[in-house]
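Step one of this worksheet: look at the structure below.
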Amino acid sequence: MIRLEGLEKVYPAARGQAAHLALKGIDLTIGRGEIFGIIGRSGAGKSTLIRTINRLEKVTGGRVLVDGVDIAGLSNAELTAFRRRVGMVFQHFNLLSSRTVFGNVALPLELAKTPKAEIAARVAPMLELVGLSDKRDRYPAELSGGQKQRVGIARALVAEPMVLLCDEVTSALDPETTQQILDLLRDINRRLDLTMVVITHEMSVVRDLCDKVAVIDDGGIVEQGNVFDVFVRPEHPTTQALIAGEIEAALPKSLHRIIHGAPQKDGENPVVKVVFTGPNAYEPIISQLSRVAGIDFNILAGQVDYIQNRPFGILFVEAKGGLAEAERAIAFIQSRNLSAEIIGYVDPDTVPAG
Amino acid sequence: MLTQTLSLLANAAWETTYMVLVSLSIGTALGGPLGVMLATSGRGELFQMAAFNRVVGALVNATRSIPFIILAVAIIPFTRLVAGTSIGTGAAIVPLTVAATPFIARIIEGAVRGVDAGLIEAAQAMGAKPLQIVFKVLLPEALPSIVLGLTLTTVLLIGYSAMVGAVGGGGLGDLGIRYGYQRFRPDVMAAVVVTLIVVVQLIQTAGDRLARRLNKRLR
């Protein structure tokens, strides 16, 4: 549906600032009906990247192909027609304060000179879809952040786009509202089989919404793949850092303080991080471990998540025994196609009883 | 004598109203588009025409630097060309309009520039053409500020209209000077001052109310 080939964007030198290479040869393929996440820290180039897809940002090198058409070659009139088929949702909603909810959603149709009766007939189901039928005649200032974003989504969908671009759409929302908006987008993707490109700096958005993800760092894609695979086996340090924020949450700060790296001191026990994924995630691994290694395991912390409906768990366990037993346990875990490693050592007396 | 004062006052008030309304209308018709152009023709803006922007900007500044009383006298030949005469209420509209136009242009420019750039971007992403952005996005969103700005302009023009007495313009200011001051009629002077205070108060209140009604941002 969307192909980016060797995309480059240079901001020319101006007013004492050196020329800046914002995108450095981006190659991406986004399939029809996919929700494709692009994640990166601020300044990584992700906003520039999404804005090249509807040519709000002109590229200085490479090609942007949407539905097989190189959009650099579009004339002004063709670009207008093209943009009408690409919906965009913004972080700060960008609603017209002078128009009601209805008026805002109707705007793209008005711009395309759609007859009034048809506009009314098409806006109503959109408001229904985003659950705002009762707010039809309200002004944006009377709505909550989540409601405003629903208006933004309805406005982006009313012209029946072939692609929906979402630029940090949940970054201005609280966690609960974020979840509602992500659920809505998921639902829309399923119902309309609509291709979506989602820009975010939050790994949780990628986890809860996207099918595929590309990680962008300093203007280049450093890693991409299925969300589950990238989450479970992140390769690039940037990806690991972004995911760490999600996963470190599993290890509370109080435990973080008492676990330290090598060398192991006398009387201390190894701490093993076990990552459960795939078909073996459901096995009674801990009891098997005890049997194989001949020692007890004390569960320090852990969490189980579902990414794209597949279980993904992390467990931090204290091996109540020596290094040799711990290593035997790790070998066993690895033989079950799960991953495990010693992340440090802990004095059993400092572990909070529980 | 009271009836005479009242009739003088009524006549002068009508002249002032006439001068202000006509110059405000023509000034808006000319200055409005000019202001929109100023606000959208800068570098990287909707209708990028940087040279045009600089030239018009300089011209607007030049006109606005001239004190109104000087402007009114200095452009008398132009006034005669346009109005056929340089004396009278009709002729006074010419310098008033010349002064109002650049002022209104800057007012409209400021109001349009006050519209969030994100809205322009959103409209572009929807496939809006530049003129559609002006009429469907920029002007409706700037309307409350524009109303406030035009209220300000109206009050300013009432003040200016007092000076066109110097070129035979008539109106409330002229009445105050000729009767109140030169003919030692404090009653006329007082009537003029009170009328001006009341009129300006009414205009400002009406403008504020309208702007608040149009502003859907604060509820």
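Quick note on labels: first sequence line is chain A, next is B, and so on, each numbered from 1. Keep in mind that what you see is a predicted model, and the values were worked out from it rather than measured.
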A quick test of your reading: do over 12 heavy atoms of other residues, nucleotides or ligands sit less than 6.0 Å from [atom1] of [X]?
X: Gln201(B); atom1: CD; result: no
X: Arg64(B); atom1: CZ; result: yes
X: Arg138(A); atom1: CZ; result: no
X: Phe135(B); atom1: CZ; result: no
X: Arg3(A); atom1: CZ; result: no
X: Glu78(A); atom1: CD; result: yes
X: Asp134(A); atom1: CG; result: yes
X: Phe47(B); atom1: CZ; result: yes

[X] portion near chain B, given a 4.5 angstrom heavy-atom threshold:
X: Leu96(A); value: both
X: Leu79(A); value: neither
X: Arg155(A); value: side chain

Would the distance check show the side chain of [X] and the main-chain N or O of [Y] forming a donor-acceptor pair, the cut-off being under 3.5 Å?
X: Glu141(B); Y: Ser97(A); answer: yes
X: Arg84(A); Y: Gly127(B); answer: yes
X: Asn94(A); Y: Ala122(B); answer: no

Quick check for you: to the nearest 0.5 Å, what is the distance between [X] atom [atom1] and [Y] atom [atom2]?
X: Phe93(A); Y: Asp116(B); atom1: CZ; atom2: CG; result: 12.0 Å
X: Thr80(A); Y: Gln132(B); atom1: OG1; atom2: CD; result: 8.0 Å
X: Met88(A); Y: Gln124(B); atom1: CE; atom2: CD; result: 11.0 Å

>> Among Asn54(A), Val89(A), Leu107(A), which residue has the highest count of heavy-atom pairs closer than 4.5 Å to chain B?
In response: Leu107(A)
Taking side chain as C-beta onward, heavy atoms only, is [X] less than 4.5 Å from [Y]?
X: Glu110(A); Y: Lys136(B); result: yes
X: Glu121(B); Y: Arg51(A); result: yes
X: Arg217(B); Y: Tyr139(A); result: no

